[in-house]
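Here is the structure we will look at, set down as structure tokens.
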Number of protein chains: 2
Amino acid sequence: MATGRPPRPATRGRGIPEATVARLPLYLRALTALSERSVPTVSSEELAGAAGVNSAKLRKDFSYLGSYGTRGVGYDVEYLVYQISRELGLTQDWPVVIVGIGNLGAALANYGGFASRGFRVAALMDADPSLTGRSVAGIEVRHIDELETVVEDSGVSIGVIATPAGAAQQVCDRLVAAGVSSILNFAPTVLSVPDGVDVRKVDLSIELQILAFHEQRKAAEELSREVAAPAAGEAAAPAAPPAAAPAAAAARRGDRGPDGDIPAVMPA
Amino acid sequence: MATGRPPRPATRGRGIPEATVARLPLYLRALTALSERSVPTVSSEELAGAAGVNSAKLRKDFSYLGSYGTRGVGYDVEYLVYQISRELGLTQDWPVVIVGIGNLGAALANYGGFASRGFRVAALMDADPSLTGRSVAGIEVRHIDELETVVEDSGVSIGVIATPAGAAQQVCDRLVAAGVSSILNFAPTVLSVPDGVDVRKVDLSIELQILAFHEQRKAAEELSREVAAPAAGEAAAPAAPPAAAPAAAAARRGDRGPDGDIPAVMPA
DNA sequence: AGTTGTGAACTTATTCACAGCG
DNA sequence: CGCTGTGAATAAGTTCACAACT
């Protein structure tokens with residue numbers, strides 16, 4: 001199959017697939033819950049159940065980290081917690097700066113899971129002078145002008161952007177220039193960053209739109225099933241779907257005029 | 001997830017790949033921005049740039065919707081906006097209920113992008129009686145006991161959970177029982193739902209952990225490059241990476257005691 | 001007996017590259 | 001000539017199913 005040219009020499013030694021990396025935090029959370037209940041070992045089946053994935057996938061994921069299980073027994077909870085934490089880089093401390101202290105920024109600052117493992121809010125920053133000096137979640141809000149100082153002094157390498165969309169790219173540029181190389185973006189904009197900087201985005205409106213798509217599809221299917229109503233009973237009704245609400249047959253309009261605007265602004 | 005043998009006969013007629021669906025909102029946002037600037041047409045190249053994807057992918061994505069472009073010219077902005085909106089189900093109205101009005105819930109309620117297209121906050125709900133009656137973002141907070149009534153009366157089919165982790169499953173069950181079939185979950189828990197209900201999750205802590213993984217990897221690579229320093233110059237240095245901050249060589253510890261807890265609680 | 005670890009089969013997604021059309 | 005639309009090639013991710021090990 002190989003075309004001759006190594007299509008990418010693969011990352012040194014272990015190259016953990018991105019999809020696996022994205023699931024490790026999920027496993028870690030489930031394992032931590034078990035650990036708190038002092039459960040000593042879990043099988044892939046049990047753990048998979050708790051994490052909401054299937055067991056084959058989980059085993060394959062773990063196989064990328066190494067052989068940490070015991071055949072016939074399962075995985076040692078404490079040991080796995082440690083291995084995954086290490087793999088994710090959570091055995092070290094990550095100072096984080098949050099920019100934009102509106103409702104969302106405040107929610108993030110107050111977020112308990114933040115501090116609990118590896119992450120520490122090094123600073124809160126906002127452009128609004130009336131906010132600076134005020135304390136949110138026990139941390140003083142500082143003016144955005146101090147951003148470079150804060151990043152350097154605290155060795156921040158992860159930045160969280162919770163500003164309105166209009167300010168996001170600007171803030172991003174400053175973060176990157178100051179040395180931040182990972183960004184979590186809550187503003188509904190595509191950020192452009194230089195090579196070597198990672199951006200992840202969290203976007204409410206995108207998630208809702210994806211849900212709407214499926215919701216619409218469900219409604220359409222239900223409709224076509226009713227219409228086509230193919231008498232012959234299917235073998236064994238699934239028994240599951242509650243099929244409760246009659247899905248409000250809301251008026252359906254073609255469009256809503258030429259001034260549509262999705263992007264809008266963030267809470268700030 | 002039909003238990004039956006047929007591996008899934010493919011969705012009726014057009015089956016738009018999930019990955020494509022997830023990108024449509026991105027395209028839509030970029031298109032809307034163009035529309036506001038009264039740009040009449042775009043090429044796949046330009047639009048792809050604005051949406052942060054590559055043009056081949058964009059064209060392939062659009063090809064699942066139909067042939068909406070003009071060869072040699074590009075895509076008509078207004079027309080595409082309409083087609084994508086329709087495909088996503090945004091030409092109809094989606095009443096949404098938000099449960100859990102803490103910092104996060106309030107941020108969501110205030111979120112401008114919410115109302116702007118298709119989505120309408122039908123109700124805010126919280127279990128805390130001291131909140132009920134108060135107004136957030138111009139909407140009165142109602143007590144969670146009214147959930148079933150609200151869902152039925154407003155024909156809500158999308159619910160947003162912004163409660164602490166401990167309450168999420170309970171709230172989810174009530175939403176589903178009341179007839180909600182799409183859920184956007186901000187609580188750091190795996191929700192279990194019956195077949196036919198869609199759940200999407202937004203999880204700060206997971207995103208941060210993924211960033212930490214890559215951040216750690218970058219630091220390790222940089223380190224090994226310095227150490228191995230293979231004299232012989234590579235052909236054409238990439239020129240890109242700014243390699244700014246010296247990545248605070250924080251103390252690295254093995255673990256931090258047996259009481260680790262990631263899940264923690266949400267802002268509420 | 002019970003459960004992991006993993007090749008192999010399969011599915012989904014991305015990218016290439018160019019024919020086809022305006 | 002330029003740009004879309006798409007088959008074909010490649011890559012990534014998932015699931016199967018079972019040998020290997022405790």
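Values in this document were obtained by computation on a predicted structure and should not be read as measured data. Heavy atoms only: backbone and side chains are in, while hydrogens, waters and symmetry mates are out.
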From NZ of B:Lys60 across to C1' of D:dA8 the rounded distance in Å is 9 Å
Toward the 5' end of DNA chain D, by each residue's nearest nucleotide, A:Glu18 or A:Arg59
A:Glu18
When you get a sec, tell me which of D:dC3, C:dT4, D:dG13 is the closest nucleotide to the side chain of A:Pro17?
D:dG13
If you compare every side-chain N and O of B:Tyr75 against the phosphate oxygens of D:dG5 (OP1, OP2), does one of them come in below 4.0 Å?
yes
Write down the distance between CG (A:Leu47) and C1' (C:dT3), rounded to a whole number of angstrom.
14 Å
Minimal non-hydrogen separation, B:Thr189 against B:Ala168, with atom names
OG1-CB, 4.2 Å
Between B:Tyr68 (OH) and D:dG5 (C1'), how many Å, whole number?
14 Å
Rounding to an integer number of Å, can you tell me how far B:Leu65 CG sits from D:dT6 P?
11 Å
When you measure from the side-chain N and O atoms of A:Asn54 to the phosphate of D:dT14, is any distance below 4.0 Å, counting only OP1 and OP2?
no
Could you check which of C:dG20, C:dT4, D:dT15 has an atom nearest any side-chain atom of B:Arg71?
C:dG20
Any idea which of D:dA20, C:dG22, D:dG7 is nearest the B:Thr70 side chain?
C:dG22
Which whole-number value in Å describes the distance from A:Glu45 CD to C:dT4 P?
8 Å
Look at the side-chain N and O atoms of B:Ser44 and state whether any lies under 4.0 Å from the OP1 or OP2 oxygen of D:dT4.
yes
Whole-Å distance between D:dT6 P and B:Phe62 CZ?
14 Å
For A:Asp76 and C:dT3, give me the distance from atom CG to atom C1', rounded to whole Å.
15 Å
Given the rule in the ring-ring contact (aromatic ring centres under 6.0 Å, His included) test, do A:Tyr68 and A:Tyr75 qualify, once you have shown the distances and angles that lead to the verdict?
CA-CA 7 Å; A:Tyr68 295 149; A:Tyr75 300 91; 8.7 Å; no
Starting from P on D:dG13, measure out to CG on A:Asp61 and report it in whole angstrom.
10 Å
Would you call A:Leu108 and B:Leu104 a side-chain contact if the rule is heavy atoms closer than 4.5 Å?
no
Check the side chains of A:Tyr79 and A:Gln83 for a donor-acceptor pair under 3.5 angstrom, ignoring hydrogens and angles.
yes
D:dT14 phosphate, OP1 or OP2: any side-chain N/O from A:Lys57 under 4.0 angstrom?
yes
Closest nucleotide among C:dT14, C:dT4, D:dT14 to the A:Ser43 side chain:
C:dT4
Counting side-chain heavy atoms from CB outward, which of C:dG5, D:dT6, C:dA8 is closest to B:Ser63?
D:dT6
Salt-bridged, A:Arg217 to B:Asp198, with N to O below 4.0 Å?
no
